[in-house]
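Only one structure is covered here, and it is reproduced in the block below.
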Amino acid sequence: MPLPKAELHLHIEGTLEPELAFALAARNSVELAHKDTEELRRAYLFEDLQSFLDLYYGLMAVLHTEDDFAELADAYLERAAEQGVRHAEIFFDPQAHTARGVPVGTVIEGLGRALEASEERHGISTRLIMCFLRDESAESALETLHAAKPHLHRITAVGLDSAEAGHPPSKFREVYEAAAALGLRKVAHAGEEGPPEYIREALDILGVERVDHGLRCMEDPELVERLARDRIPLTLCPLSNVRLRAVDILEEHPLPRMIDAGLLCTVNSDDPAYFGGYVGDTFHAVHEALGLGEERLRELARNSFLASFLDDDEERRARLLAEVDAYDFEVRRPD
Ligand code: ADE
Ligand code: ZN
């Protein structure tokens, strides 16, 4: 059994493996720009976040029915279970689907069906996080929140993703206020490509509880001190940072310095079908490339449960933390 862990930064659309994409394309009579899975995989060489997003949104054209979304989520959960994931907080991008004529209810109910079976089928508890696309308008985000209202029992939190530069968190103040009034929790991508100031805005203007990525806080010592003092979790995605060129090579990722600075770091996969690894692979990669030893990996796994939205099930959190504490690296490789 691999090290038990929670995944807190995972875009379900980013788990669409080429094989499933082509199977869904055939089922839904969608023509893809690439001729087969190998040609598609060869296109996974990204310059930056935007070049990835162009391909990522394009491939979503194969997702149409509730069954498609359920199958996508179930395939992810099955792989995640093999890598030790015991709890997953899963992002989805409703506007990427509604823009193509897929109703928000189809997306949420399809994902919800897979998620509600997950604990029994895969041993993974789940939460769903609805993200707004920050390169779309604030009005569109508000409309999306409104359209999702009949399905909010399936949603734990709102998030903010897509192209960061030029789209500060402050643009979404109103929709975050509305989400909080509906009882939703709040996270946001900030400081992936955007400046440290966007992390401050996410905290001060949107009132987020966790920062997704937060990598660029390292340019601002005062901000690092604040994040460490206030125990604000960062959901880091080292393999994503390399593939999207936020860092040159994994060996230069600031994760060890971030841990040393007292930041509450977690390690996650972001879009594993595109970035070369699921979260167990990511733990293994940071062990190899950054020399993080077994106790550091255990600490990252503990952090993942501490930073999770398991507040409504403290019993499960305590059980999972105890499993991490009791984990014996001697008998297993540390993934
Ligand atoms: N959507 C999917 N992956 C993303 C990332 N790494 N950053 C912003 N938006 C995303
Ligand atoms: Zn992300």
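None of the values given here were measured: they were computed from a predicted structure. Order of listing sets the numbers, starting from 1, for every ligand and every atom in it.
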Minimum heavy-atom distance between Asp68 and Leu63, given as atom pair plus value: OD2-C, 3.8 Å

Indicate yes or no: at least one non-hydrogen side-chain atom of Phe275 is less than 4.5 angstrom from one of Leu244. yes

Would you say that more than 12 heavy atoms from the other residues, nucleotides or ligands in this model lie under 6.0 Å from the CD of Glu222, or not? no

Shared hydrophobic cluster for Val208 and Val224 (ILVMFWY, side-chain gaps under 4.5 Å): yes

4.5 Å side-chain heavy-atom contact, Leu297 and Tyr327: no

In the single-linkage hydrophobic clustering (I, L, V, M, F, W, Y; side-chain heavy atoms under 4.5 Å), do Leu234 and Leu300 co-cluster? yes

Taking 2.8 Å as the upper limit, name the protein N, O or S atoms near the Zn ion (ligand 2). His9 NE2, His11 NE2, His189 NE2, Asp270 OD1

Mark yes or no: Arg216 above the aromatic ring of Tyr198, with NZ or CZ under 6.0 Å from the six-membered ring centre and no more than 45 degrees from the axis. no

Lining ligand 1 at under 4.0 Å, by non-hydrogen atom distance, are residues His11, Leu49, Phe52, Leu53, Tyr56, Asp161, Ser162, His189, Glu192, His213, Asp270, Asp271

Mind checking whether His213 and His9 have parallel, tilted or perpendicular rings, split at 30° and 60°? perpendicular

Can you find a heavy atom in the side chain of Arg245 that is under 4.5 Å from one in the side chain of Phe46? no

